[in-house]
Every structure is written in C-alpha cells, then in structure tokens.
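Quick notes on the structure that follows.
Letters go in sequence order (proteins before strands), and every chain restarts at 1. Below, all heavy atoms of this structure are taken into account, side chains as well, without hydrogens, waters or symmetry copies.
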Amino acid sequence: MNLQPGEELPDLIKHPTTRQLAQYAGAQGDFYEIHYDQDFARGVGLPGVILHGLLKAAFLGQLVTDWLGERGTLTSFEVSYRGVDVPGKPYRCRGRVSSVTGLHAELEIWGEDPDGNRTTVGTAVVEMNS
Amino acid sequence: MSATSSVVDRLRAHIGTPGPPISAVVEAGHLKRFTDAIGDSYPRWLTEAPPTFLVALAPVSAHLPEAEEYGQGWLNGGNRFEYLEPVKVGDTITAIGKVVDVYEKTGASGSLLFIIFETEYFNGHGRLVARLRGTAIRR
C-alpha cells in the first residue's frame, strides 16, 4: 500500500449543469424546488438554483473511490456544507492523506468553487487491503 | 420565546423514536440512473452501490411538517456515511430512521434550527450495512 501522510489525491473536477441537477433530483428522489426552480430559489434568498449537498457528497465519494480503486475499502466519510454552489461553474474536489496507521488511513477531503472557497469540507476513512 | 421555542419543543418530542421502516430492492436500473446523474462511471457501480446511493433508496431525513413553521427554507448542513457491508444489486434494504437531536442557534444573521437525523440500513439477512447521519437546517 505505501500510503504516506501528505499524499494528495488526484483532483476530480465536475462541471455541474441545471440538467444534471434535474437528473440528480430524479435519481435521488429529492424534489425540493431550490434545485430546479430559479424563481423559487431566489424567493428563499438564494442566488438561483443550487447544487444538492448530497450531490457534492457524491462527488467527494467518487474522489476517494476513484483514487482508492480496488486497493482498499472506504469505511466512512463525512462532509459539512459551508457554502452554496451553483450550476455552470466547475466544482473541484480535492483531498489528501492526513494520517496512516498500519492499513488504516484518514483523509481530509474538500470541494472548492472557482474562487478557491472550500464550500464543502470533510474527512474520510479507508482500510487498505493487506 | 413563543412560536419558535414551541416548534423546537414539539420537534424535540420526536427524539429517539424510530420512524416506520422503509424497504426497497436495489435495482440495476436505479443504480445506473444514479451513477449517470452523479457522473461516476466506475465499473463496480454496475452491481454495487456507490458511497452515497443509499439516500436514493430511503432518505436520511424524515419529513417533519412542524419544522416548516420555522424560518423560510431548508438547508443541508452535512452528512455522515458509515459502511459495514457492501450493498449489491438484488439486495432488499430496510431503512429505519430517527431524530437524534434538535437545537436552535442564534448568530449575527439570525436564528437557525438544526435537526440531526440518523438512519440505519439493514440487508435481507437483518445485518446492519450502513449508518447515515444528516443535519437539516431551517433558516
């Protein structure tokens, strides 16, 4: 395995669109209007429709599982949504290994808007295969 | 203290009480629609659930109509996913959710209501396969 603290995960850059938000709303079954109805979203004080938090969580899950491949198992992850993200802007998922104990590793993961603001922050735990 | 504190009290009365179990079968077509929607084409997800798929089988958070008396809209504050066993196509998953905490925070920009949900997902053998947490915020 040879994971080292400080190792960075390859960036995963997503390009969410309003179409993707509608597609995700259907696939997850979350039909809260802030994700597809611009007038509704503005009416509750948002800049327009925003990404589902759980869609950003899915992106960050993919960041970890793409990097991990078949080398181990994702055993847990958690994320806090610190800011809203809108379709039409790239969403950059990043991560790095924060600690390694035997086959157990903890990662810091986060998602950034194009200005570099960390709008989602979190951690993940992986168990590497022996 | 009034209207908003009584909403908090009424919501706190739900803490710890499990909601009705929700069962669903993991279908290949649903997995495909989900992975297409998130844009994750990793081949293993043709037959196994990717990390956040369980929220599409049964939501982490229950609908609590009285919470909507507070503020003007919902925000998702965060999610936690803990995995004990893989979930595969054909599995029948049963989800049981509950409210684990309700509290109000007042900051410079006003008051927020936090509702913490926890949902446990079991497979057809009755084994716990995952435990999810969600923080729903009314603002």
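Scanning both residues, A:Y24 and B:V55, for their nearest heavy atoms gives OH-CG2, 4.1 Å. A pairwise comparison of heavy atoms in A:K14 and B:D40 identifies NZ-N, 4.3 Å as the closest pair. Across all their heavy atoms, A:V44 and B:Q72 have their closest contact at O-NE2, 3.5 Å. Of all heavy-atom pairs between A:L74 and B:Y83, the closest is O-CD1, 3.4 Å. Scanning all heavy atoms of the two residues, the minimum distance from B:A37 to A:Q20 falls at O-NE2, 2.8 Å.
Looking at B:W74, both its backbone and its side chain come within 4.5 Å of chain A, counting heavy atoms on both sides. The parts of B:F34 that come within reach of chain A are both its backbone and its side chain, each placing non-hydrogen atoms under 4.5 angstrom from that chain. Proximity to chain A is absent for every atom of B:R133, based on heavy atoms less than 4.5 angstrom apart. For a residue to count as touching a neighbouring chain, one of its non-hydrogen atoms must lie under 4.5 Å from one of that chain's; by this rule A:L55 touches chain B with the side chain only. With a 4.5 angstrom heavy-atom cutoff, A:L21 does not touch chain B via any of its atoms.
Following chains of ILVMFWY side-chain contacts shorter than 4.5 Å, one can reach A:Y91 starting from A:L12, so the two form part of one hydrophobic cluster. The cluster map of Ile, Leu, Val, Met, Phe, Trp and Tyr, joined by side-chain heavy atoms under 4.5 Å apart, puts B:L64 and A:I34 in the same cluster. In the hydrophobic clustering of this structure, A:V97 groups with A:V126; members are Ile, Leu, Val, Met, Phe, Trp, Tyr whose side-chain heavy atoms approach within less than 4.5 Å, directly or through other members. Residues A:Y36 and A:I50 fall into different hydrophobic clusters, defined by Ile, Leu, Val, Met, Phe, Trp and Tyr side chains chained together at heavy-atom separations under 4.5 Å. B:F122 and B:F53 sit in two unconnected hydrophobic clusters of ILVMFWY residues. Membership requires side-chain heavy atoms under 4.5 Å apart, directly or through other members.
Using a 4.5 Å heavy-atom threshold, the side chains of A:Y81 and B:T135 count as separate.
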### Task
Kindly determine whether A:T75 and B:F81 satisfy side chain to side chain contact (heavy atoms under 4.5 Å, CB included), including the steps that lead there.
CA-CA 8 Å; A:T75 57; B:F81 305 80; over 6 Å; no

### Message
For A:Q23 and B:D36: C-alpha separation, side-chain torsions, deciding distance, then whether side chain to side chain contact (heavy atoms under 4.5 Å, CB included) applies.
### Response
CA-CA 8 Å; A:Q23 199 178 357; B:D36 282 353; 3.8 Å; yes

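When hydrophobic residues (I, L, V, M, F, W, Y) are linked wherever their side-chain heavy atoms come within less than 4.5 Å, the members clustered with B:I116 are B:L75, B:V100, B:Y103, B:L112, B:F114, B:I137. Through side-chain heavy atoms spaced under 4.5 Å, either directly or across other Ile, Leu, Val, Met, Phe, Trp or Tyr residues, B:V25 is tied to no other residue.
Against chain B, the residues from residues 57-68 of chain A that qualify, each with a non-hydrogen atom under 4.5 angstrom away, are A:A57, A:A58, A:F59, A:G61, A:Q62, A:T65, A:D66 in number order.
Counting heavy-atom pairs under 4.5 Å between each of B:G134, B:P51, B:G73 and chain A puts B:P51 at the top. Of the listed residues (B:V60, B:N76, B:L84, B:L132), the one with the most heavy-atom contacts under 4.5 Å to chain A is B:N76. No other option in A:G69, A:A22, A:A124 has as many heavy-atom pairs under 4.5 Å with chain B as A:G69.
Here the CD1-CD distance, from B:I38 to A:Q28, works out to 11.0 Å after rounding to the nearest 0.5 Å.
Between B:R44 and A:E70, at least one side-chain nitrogen of the basic residue sits less than 4.0 Å from a carboxylate oxygen of the acidic one, meeting the salt-bridge criterion.
The salt bridge (Lys or Arg N to Asp or Glu O under 4.0 Å) check on B:E82 picks up B:R80, B:R131, with sequence neighbours excluded.
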